[in-house]
Colleague: 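Starting off with a structure, shown below.
Model, not experiment: these values are computed from the prediction. Whatever order the structure lists them in is the order used to number ligands and atoms, beginning at 1.
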Amino acid sequence: MKIFLSGNLVDEADAKVSVFDHGLLYGDGVFEGIRAYHGKVFLLKEHVSRLYESAKAIALTIPMTEEEMCEAVRDTCRANALSEGYIRLVVTRGVGTLGLNPYLCDKPEIIIIAAKIQLYPPELYETGLKVVTVGTVRNHPEAINPRIKSLNYLNNVLAKIEAINSGVLECIMLNSQGQVAEASGDNIFVVKNGVMLTPPVWCGALDGITRRAVMQIATDAGITVKESVLQRYDLFTADEMFLTGTAAEVIAVTEVDRRQIGDGFPGGITVDLQARFKEFVKENGVLIQDP
Ligand code: PXG
């Protein structure tokens with residue numbers, strides 16, 4: 001496998017970063033997870049744009065333009081003959097001292113990995129996921145804003161540990177007000193009386209690219225979509241529930257805290273959106289190979 005490392009495509013064995021990199025020492029950096037479908041990088045510009053916004057939010061200047069970053073992603077895919085898979089883009093603060101000061105880090109490190117993605121077991125797309133709500137509160141927006149896709153994912157990891165220890169694969173995180181924020185690595189939607197509802201990002205969610213796409217697909221299909229503050233009550237009384245994310249795509253949730261959602265099967269709107277999403281990804285990517 002070839003890895004893009006600060007300007008060069010190097011062999012996996014040579015793709016090494018310093019133990020003094022603040023990405024490692026302090027989780028100081030940002031990242032993106034992007035998918036490639038059918039020889040196209042899905043919503044590449046949107047992902048790259050979010051990467052630059054995350055970087056700006058932590059006062060990290062990426063030494064490359066957004067256009068150059070898009071080209072570097074395509075180059076890395078081509079070097080690995082990738083037409084279907086997962087791209088991880090990482091920008092760290094770079095090498096610094098054994099002190100927090102980010103201004104002593106001269107050069108951010110840019111890493112692009114183009115590889116395969118691990119999916120939830122396929123049968124879960126038929127049966128739906130079981131989830132729990134967890135005690136780990138989503139980061140407060142005035143501490144670490146969840147809109148920043150930073151290398152510091154400990155908040156999500158702690159929530160994921162609770163999920164796995166409860167015997168399920170994913171969890172729903174609440175904010176400090178007890179409002180629904182998102183899953184540990186996905187955004188959440190509920191369907192109530194035919195209307196699709198998702199928490200506004202200020203409740204503690206990432207402005208998910210899949211979330212945006214699904215909101216557009218649903219609106220175009222004539223479904224009413226609203227951003228709405230949700231409480232656990234709204235989860236327990238939902239007709240349907242699903243999660244969206246680059247890794248998960250669109251996946252139904254059929255149980256929350258061992259309570260059945262709807263009739264316990266993926267809902268009609270969810271199944272319809274899954275099909276529409278499959279079509280959407282064919283049309284909305286940047287070609288990896290030059291035409
Ligand atoms: N919330 C959080 C906290 C995320 O990390 C999403 C929502 C969905 O955002 P997108 O833009 O992907 O629709 C994410 C994204 C992984 C993995 O390896 C996780 C994500 C994306 C890709 C891979 O678990 N999470």
Colleague: Looking at Arg147, I want to see if its CZ is surrounded by more than 12 non-hydrogen atoms of other residues, nucleotides or ligands under 6.0 Å.
Modeller: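 No, not enclosed.
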
Colleague: Taking ring-ring contact (aromatic ring centres under 6.0 Å, His included) as the definition, give me every residue that meets it alongside Tyr26, ordered by chain and number, with sequence neighbours left out.
Modeller: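 ring-ring contact (aromatic ring centres under 6.0 Å, His included) check on Tyr26 returns His22.
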
Colleague: Hey, is Glu227 close enough to Arg211 for a salt bridge, meaning N to O under 4.0 Å?
Modeller: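 Yes, this pair counts.
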
Colleague: So for ligand 1, is Gly185 a polar contact partner (N or O within less than 3.5 Å, distance only)?
Modeller: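 Between Gly185 and ligand 1, an N or O pair is found under 3.5 Å apart.
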
Colleague: Does Asp207, backbone or side chain, put an N or O under 3.5 Å from an N or O of ligand 1?
Modeller: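 Between Asp207 and ligand 1 (N or O atoms, distance only) the closest approach is not under 3.5 Å.
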
Colleague: Got an N/O contact under 3.5 Å between His47 and ligand 1?
Modeller: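 It does not: no N or O of His47 is found under 3.5 Å from an N or O of ligand 1.
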
Colleague: I'd like the name of whichever of Tyr86, Tyr153, Phe31 reaches closest to atom 5 (O) of ligand 1 through any heavy atom.
Modeller: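 The nearest heavy atom belongs to Tyr153.
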
Colleague: Is the shortest distance from atom 24 (O) of ligand 1 to a protein heavy atom below 4.0 Å?
Modeller: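 Protein heavy atom within 4.0 Å of atom 24 (O) of ligand 1: absent.
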
Colleague: Indicate, as side chain, backbone, both or neither, the part of Arg88 found under 4.0 angstrom from ligand 1 when only non-hydrogen atoms are considered.
Modeller: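 Arg88 to ligand 1: side-chain contact only, backbone stays beyond 4.0 Å.
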
Colleague: With heavy-atom distances below 4.0 Å as the criterion, list the atoms of ligand 1 near Ile209.
Modeller: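 Those atoms are 10 (P), 11 (O), 13 (O).
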
Colleague: Between ligand 1 and Arg35, can you find any atom pair, the residue atom being a heavy atom, that is separated by under 4.0 Å?
Modeller: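 No, Arg35 has no heavy atoms under 4.0 Å from ligand 1.
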
Colleague: Looking at Arg35 and Ile117, what are the two nearest heavy atoms and their distance?
Modeller: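 Nearest heavy atoms, Arg35 then Ile117: NH1-CG2, 3.7 Å.
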
Colleague: Short list, please: which atoms of ligand 1 are under 4.0 Å from a heavy atom of Gly208?
Modeller: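 Ligand 1 atoms under the 4.0 Å threshold to Gly208: 9 (O), 10 (P), 11 (O), 13 (O).
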
Colleague: Taking only heavy atoms of Asn156, which atoms of ligand 1 are found under 4.0 Å from at least one of them?
Modeller: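 That gives atoms 3 (C) of ligand 1.
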
Colleague: Which heavy atom of Glu283 sits nearest a heavy atom of Lys40, and at what distance?
Modeller: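 Closest pair (atom of Glu283, atom of Lys40, distance): CA-NZ, 4.3 Å.
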
Colleague: Kindly write out the residues that satisfy ring-ring contact (aromatic ring centres under 6.0 Å, His included) with Phe277, not counting sequence neighbours, or none if the list is empty.
Modeller: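 Expected list: Phe42.
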
Colleague: Please confirm whether the backbone N or O of Asp234 pairs with a side-chain atom of Lys192, one donor and one acceptor, at under 3.5 Å?
Modeller: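 Not a single qualifying donor-acceptor pair exists.
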
Colleague: Checking the N or O distance criterion of under 3.5 Å, is ligand 1 in contact with Glu182?
Modeller: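 Looking only at distances, the answer is yes, because the N/O contact criterion of under 3.5 Å is met.
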
Colleague: Looking only at heavy atoms, is any part of Ser184 under 4.0 Å from ligand 1, and if so is it the side chain, the backbone, or both, or is it neither?
Modeller: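 Ser184 to ligand 1: backbone contact only, side chain stays beyond 4.0 Å.
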
Colleague: Is Thr198 close to Ser228 at the side-chain level, that is, under 4.5 Å between some pair of heavy atoms?
Modeller: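 Sidechains of Thr198 and Ser228: no contact.
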
Colleague: At their closest point, which heavy atom of Leu43 faces which heavy atom of Phe280, and how far apart are they?
Modeller: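 Scanning both residues completely, I find the closest heavy atoms to be CD1-CE2, 4.5 Å.
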
Colleague: In ligand 1, which numbered atoms sit nearer than 4.0 Å to a non-hydrogen atom of Lys149?
Modeller: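 Taking each heavy atom of Lys149 in turn, ligand 1 has 4 (C), 5 (O), 14 (C), 15 (C), 20 (C), 25 (N) under 4.0 Å.
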
